[in-house]
Amino acid sequence: MTDRKRVFSGIQPTGDPHVGSLIGALSNWVRMQSEYDTIYCVVDLHAMTAPYDPADLRSKRADVAKMLLAAGIDPSRSLLYYQSEVPQHVELSWILGTLTGLGQLERMTQFKEKADKGGQNLGLLAYPVLQAADILIHRVHAVPVGNDQAQHLELTRDLAERFNSRFGEVFPVPERITPEIGARVMSLTDPTSKMSKSDPSSKSRILLTDGTDQIMKKVKSAVTDTGTEVGFDRANKPGISNLLEMFSFFSDRSIDDLVSEYRALGYGTFKIAVGEAVAEGLKPIRDAYEGMSDAEVGEVMASSAARARKMAERTMISVRERVGLA
Ligand code: TYM
């Protein structure tokens, strides 16, 4: 690693990455490789906070790693590793936990949503502290994420400041980097809620591994709004606006440009064009994914983890000293 500014981000291996993860986060992960020292992580420990099957976790984390490489994470420029292979994340998380008020964790929207579904456990409550440790352990300056991570990033910034003022300057206070378009890609079956890996309906999301037929079917059956005119209006036309954002991302054309072409052509024609653009945009990722061996992925993950452990240990040496453990 050089002295360029550093970036960290993570993705949970709880399901297959979809176009929401790609547009909201992964595309920025890829783009930032040319400007920053980039560190990316498949956060397998976070995935254990919801009920899971061990064999499934093992295969999902390898699939997600392969998908990240297929999407353009370049191991000669970025570190990419499994969180559990760098135990310093957990050590720092414990220390940060001693600086975190319970109330602040109980107020987290994601905790409340998941706890309401009956899945309360200590890991779920402590989840945002581990996320803060993921980021701070590498003393990074920026974190590319979708909008849904805003609250977790605020906690991370608070904890960095709290630690620094209590024990002395160790951590930069990291910035959140969120794209202008696609910070919150919505579900295809309910455009008022975000596209999510955990939605029971597989029609609600387009996976990065979906083939052209599946993509066309999902886009054609996407819930759209009353009316016939294609226009961008998040409040009154959430379905069409969501498709327009996706279309803009995959075609590299502005929303205004797309609206002026498709305004009067009707939803049917518009959806076919969106589906085609998405299918074409995902094809190189799908092809790269299918062409990559598990052994290749395993090598990248192991050698990155070894480097990440060294970097993380350097941070922990100063942290242990500051807090009185060395
Ligand atoms: P996760 O695994 O849910 O999502 C990975 C990334 O994808 C973004 N994303 C979306 N962006 C726009 N629209 C959507 N519909 C959409 N769905 C997902 C997420 O914002 C995220 O950036 N808690 C994190 C994982 C994590 C992490 C970290 C992230 C753990 N430690 C440290 C950053 C830094 C999560 O559950 O992401």
Side-chain angles (χ1 to χ4, degrees), residues 6-30 32 38-50 60-61 63-65 67-68 71 73 80-84 86 89-90 92-93 96 108-111 113-114 123-124 126-138 140-157 159-160 174-199 204-208 234 238 241-242 245-246 249 308 312:
R6 280 187 194 166
V7 162
F8 178 91
S9 201
I11 182 167
Q12 287 199 67
T14 40
D16 300 307
H18 48 67
V19 293
S21 0
L22 179 70
I23 302 175
L26 305 185
S27 58
N28 265 340
W29 294 22
V30 172
M32 293 177 98
T38 38
I39 309 167
Y40 299 126
C41 200
V42 177
V43 291
D44 46 7
L45 297 172
H46 277 107
M48 298 169 76
T49 54
K60 274 275 153 48
R61 63 176 207 163
D63 282 351
V64 170
M67 184 50 79
L68 295 177
I73 301 305
L80 175 65
Y81 63 92
Y82 298 124
Q83 179 188 34
S84 60
V86 180
H89 286 240
V90 178
L92 180 58
S93 167
L96 295 177
M108 291 280 161
T109 317
Q110 292 205 347
F111 170 72
E113 278 170 12
K114 291 184 182 162
L124 193 61
Y127 179 115
V129 182
L130 179 57
Q131 177 159 349
D134 298 338
I135 297 166
L136 299 181
I137 193 77
H138 291 301
V140 301
H141 306 91
V143 186
V145 283
N147 260 353
D148 59 342
Q149 299 301 315
Q151 224 181 5
H152 292 166
L153 258 290
E154 273 319 301
L155 175 73
T156 305
R157 293 165 56 86
L159 287 175
E175 299 294 328
R176 171 167 62 96
I177 310 272
T178 300
E180 257 169 57
I181 289 184
R184 189 173 176 82
V185 176
M186 308 309 269
S187 152
L188 297 181
T189 47
D190 171 11
T192 59
S193 58
K194 77 166 179 180
M195 184 178 286
S196 155
K197 286 181 279 210
S198 56
D199 191 315
S204 67
R205 57 187 169 267
I206 297 172
L207 303 181
L208 304 189
R234 272 235 169 262
S241 304
N242 191 39
E245 290 204 6
M246 260 184 236
F249 176 84

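Whatever order the structure lists them in is the order used to number ligands and atoms, beginning at 1. Only a predicted model underlies this, so the values are computations on that prediction, with no experimental measurement involved. Along the sequence shown, the residues carry numbers beginning at 1.
- Here the heavy atom of the protein found nearest to atom 28 (C) of ligand 1 is Gln131 CG, 3.4 Å.
- In this structure, Tyr81 and His138 have perpendicular ring planes: the angle between them is above 60°, well past the 30° mark.
- Between Val143 and ligand 1, a contact under 3.5 Å exists for no N or O pair.
- Contact annotation: the side chain of Asp148 approaches that of Arg184 to within less than 4.5 Å [non-hydrogen atoms, C-beta and beyond].
- Side chain of Gln151 to backbone of Met108: no donor-acceptor contact under 3.5 angstrom is found.
- Within the 4.0 Å heavy-atom shell around ligand 1 one finds His18.
- Using a 4.0 Å cut-off to heavy atoms of Gly182, the atoms of ligand 1 that qualify are 12 (C).
- Checked against Tyr127 for a side chain to side chain donor-acceptor pair (under 3.5 Å), the options His152, Gln110, Gln12 give a single hit: Gln12.
- Protein heavy atom at the shortest distance from atom 11 (N) of ligand 1 is Gly20 O, 3.3 Å.
- Every atom of ligand 1 with a heavy atom of Ala183 under 4.0 Å away is listed here by number and element: 11 (N), 12 (C), 13 (N).
- Scanning all protein heavy atoms for the shortest distance to atom 31 (N) of ligand 1 gives Asp134 OD2, 2.7 Å.
- Taking distance alone, with nitrogen or oxygen atoms compared against 3.5 Å, Ile11 stays at or beyond that limit from ligand 1.
- Atoms of ligand 1 found under 4.0 Å from any heavy atom of Ile135, numbered from 1 in the order shown, are 32 (C), 34 (C).
- With respect to atom 23 (N) of ligand 1, the closest heavy atom belonging to the protein is Tyr127 OH, 2.7 Å.
- Remark: side-chain polar atoms of Ser187 are not paired, donor with acceptor, to backbone N or O of Lys194 under 3.5 angstrom.
- Among protein heavy atoms, the minimum distance from atom 25 (C) of ligand 1 is reached at Gly10 O, 3.7 Å.
- Set against the non-hydrogen atoms of Phe8, the atoms of ligand 1 under 4.0 Å away are 32 (C), 34 (C).
- Closest to atom 37 (O) of ligand 1, if we only count protein heavy atoms, is Gln149 NE2, 3.8 Å.
- For atom 9 (N) of ligand 1, the nearest non-hydrogen atom from the set Ser198, Ser21, Ser9 comes from Ser21.
- In this structure the side chain of Met32 reaches within 4.5 angstrom of the side chain of Pro144, judged on heavy atoms.
- Under a 4.0 Å criterion applied to the non-hydrogen atoms of Gly24, ligand 1 contributes the atoms 11 (N), 12 (C).
- When atom types are taken as modelled, the side chain of Asp44 and the backbone of Tyr82 share no donor-acceptor pair closer than 3.5 angstrom.
- Checked by atom type and distance alone, the side chain of His89 never pairs as donor or acceptor with a backbone atom of Ala133 at under 3.5 Å.
- From the protein, the heavy atom lying nearest to atom 19 (C) of ligand 1 is Asp148 OD1, 3.4 Å.
- A heavy-atom separation below 4.0 Å is found between Lys197 and ligand 1.
- Remark: the backbone N or O of Pro174 is paired with a side-chain donor or acceptor of Arg157 at under 3.5 angstrom.
- The closest side-chain heavy-atom distance from Leu22 to Pro17 is not below 4.5 Å.
- The distance from atom OG of Ser21 to atom CE of Met67, rounded to the nearest 0.5 Å, is 9.5 Å.
- Counting only distance, with no hydrogens or angles, the side chain of Asn242 and the backbone of Met186 share a donor-acceptor pair below 3.5 Å.
- Contact atoms of ligand 1 toward Met195: 14 (C), 15 (N), 17 (N) (distance under 4.0 Å to a heavy atom of the residue).
- The distance criterion of under 3.5 Å between nitrogen or oxygen atoms is met by Gln12 with respect to ligand 1.
- Judged by distance alone, the side chain of Arg6 and the main-chain N or O of His141 form no donor-acceptor pair under 3.5 Å.
- Distances from atom 6 (C) of ligand 1 to the heavy atoms of Pro13, Pro128, Ala25 show the closest one on Ala25.
- In this comparison of Asn242, Val185, Leu153, the heavy atom closest to atom 14 (C) of ligand 1 sits on Val185.
- For ligand 1, the atoms closer than 4.0 angstrom to any heavy atom of Arg184 are 12 (C), 13 (N).
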